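My questions will all concern the structure given below.
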Amino acid sequence: MRQEYEKYTEEDFKVWQILFDRQMEILPGRASKAYMDGIEAINFRSDTIPEFNEVNSLLGGITGWNLHVVAGLIPNKEFFELLENQQFPSSTWFRKMEQIDYLEEPDMFHDVFGHVPLLTDQNFCKFLKGLSKIALKHIDSEWAIELISRVYWYTVEFGLIEDEEGLRIYGAGILSSAGESVYCLGNKPQRVPYSPAEILATPYIKDKFQEKYWVINSYKQLFNSIEEIAQLVEKEVALHKTE
């Protein structure tokens, strides 16, 4: 599959522009430094939909990663194989104007605006690759994939970081959401130090803002937790087999 750029409509360009401009009003002072630096490094702009060949050329020179076009949600094995090979799966379609504030299935704005800027950070990329290796080792265990999905959810999608400037967002699910970008740093949700063991014991929720966010100290801490995650998943899979 490829990004059929010539098929984008005027509405698609408008949707990208509206969402991009809205988030760029909100995210300075809220998004992590690595994410904001990544936006500049890969030259995302309001007036044009990112072209994957250009993005891949830039990303490849920074971390060696690139985007891989997918139609939508893909099977676990294919998803984690792509990550292991330093390819991030991304859809190329856009939500409609009437869906501008919420879409259940990730579209290109979420996949590209939310995820791609952090693919310029080496430690974050190494975390993704390490997590994929654990998943592929246990790909036939539904329980193991559920546990790894929880880690992915509460880090890659809904993680916070204590940056040098203060508490900031790095999770793509937050970064691509106007409402949650504000909510997650407010007084209502619970925020706790990053703990793989706690995350593995916490099912994720999809139908509302998160009630609890885990905060990392650095992307290196995230990458360094891979061995702990591997050991915890190994233990859980062994216990699950005996039940």
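Everything numeric here is computed off the predicted structure, so don't read it as measured data.
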Give the C-alpha distance, both sets of side-chain angles, the deciding distance and a yes or no for salt bridge (charged side-chain N to carboxylate O under 4.0 Å, His left out) between Lys14 and Glu10.
-> CA-CA 6 Å; Lys14 190 65 177 176; Glu10 184 178 338; over 6 Å; no
Would you give me the side-chain donor-acceptor pairs under 3.5 Å for residues 46-54, sequence neighbours excluded?
| unit_1 | atom_1 | unit_2 | atom_2 | d |
| --- | --- | --- | --- | --- |
| Ser46 | OG | Asp21 | OD1 | 2.7 |
| Ser46 | OG | Asp21 | OD2 | 3.1 |
| Asp47 | OD1 | Arg45 | NE | 3.2 |
| Thr48 | OG1 | Tyr5 | OH | 3.1 |
| Glu51 | OE1 | Asn53 | N | 3.2 |
| Glu51 | OE1 | Glu54 | N | 3.1 |

Between Phe13 and Tyr8, how do the two ring planes meet: parallel, tilted or perpendicular, split at 30° and 60°?
->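 Answer is perpendicular, since the angle exceeds 60°.
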Can you check whether Gly173's main-chain N or O pairs, donor with acceptor, with Ser177's side chain at less than 3.5 Å?
->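 Checked: no pair found.
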Within the side chain of Asn56, is there an N or O that forms a donor-acceptor pair under 3.5 Å with the backbone of Asn66?
->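 Checking the backbone N and O of Asn66 against the side chain of Asn56, no donor-acceptor pair under 3.5 Å is found.
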Candidate list Ile62, Leu118, Leu59, Leu119, test side-chain contact (heavy atoms from CB on, under 4.5 Å), partner Cys125, passing option |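 In the set Ile62, Leu118, Leu59, Leu119, the residue that makes a side-chain contact (heavy atoms from CB on, under 4.5 Å) with Cys125 is Leu119.
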Would you call the rings of Phe88 and Phe79 parallel, tilted or perpendicular if under 30° counts as parallel and over 60° as perpendicular?
-> perpendicular
Under 3.5 Å: donor-acceptor pair, side chain of Tyr154, backbone of Pro203 = yes
Step-by-step side-chain hydrogen bond (donor to acceptor under 3.5 Å, both in side chains) determination, Gln23 to Ser181 | CA-CA 8 Å; Gln23 288 309 101; Ser181 294; 3.3 Å; yes
Closest contact, heavy atoms only, Glu105 versus Trp93 =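 Closest pair (atom of Glu105, atom of Trp93, distance): O-CH2, 3.8 Å.
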Mark yes or no for whether Ser225, through its side chain, and Glu228, through its backbone, hold a donor-acceptor pair below 3.5 Å.
-> no
Main-chain N/O of Ile199 paired to Arg150 side chain as donor or acceptor, under 3.5 Å |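 Answer holds: no.
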Give the ring-plane orientation class for Tyr219 versus Tyr170, where under 30° counts as parallel, over 60° as perpendicular and anything between as tilted.
-> perpendicular
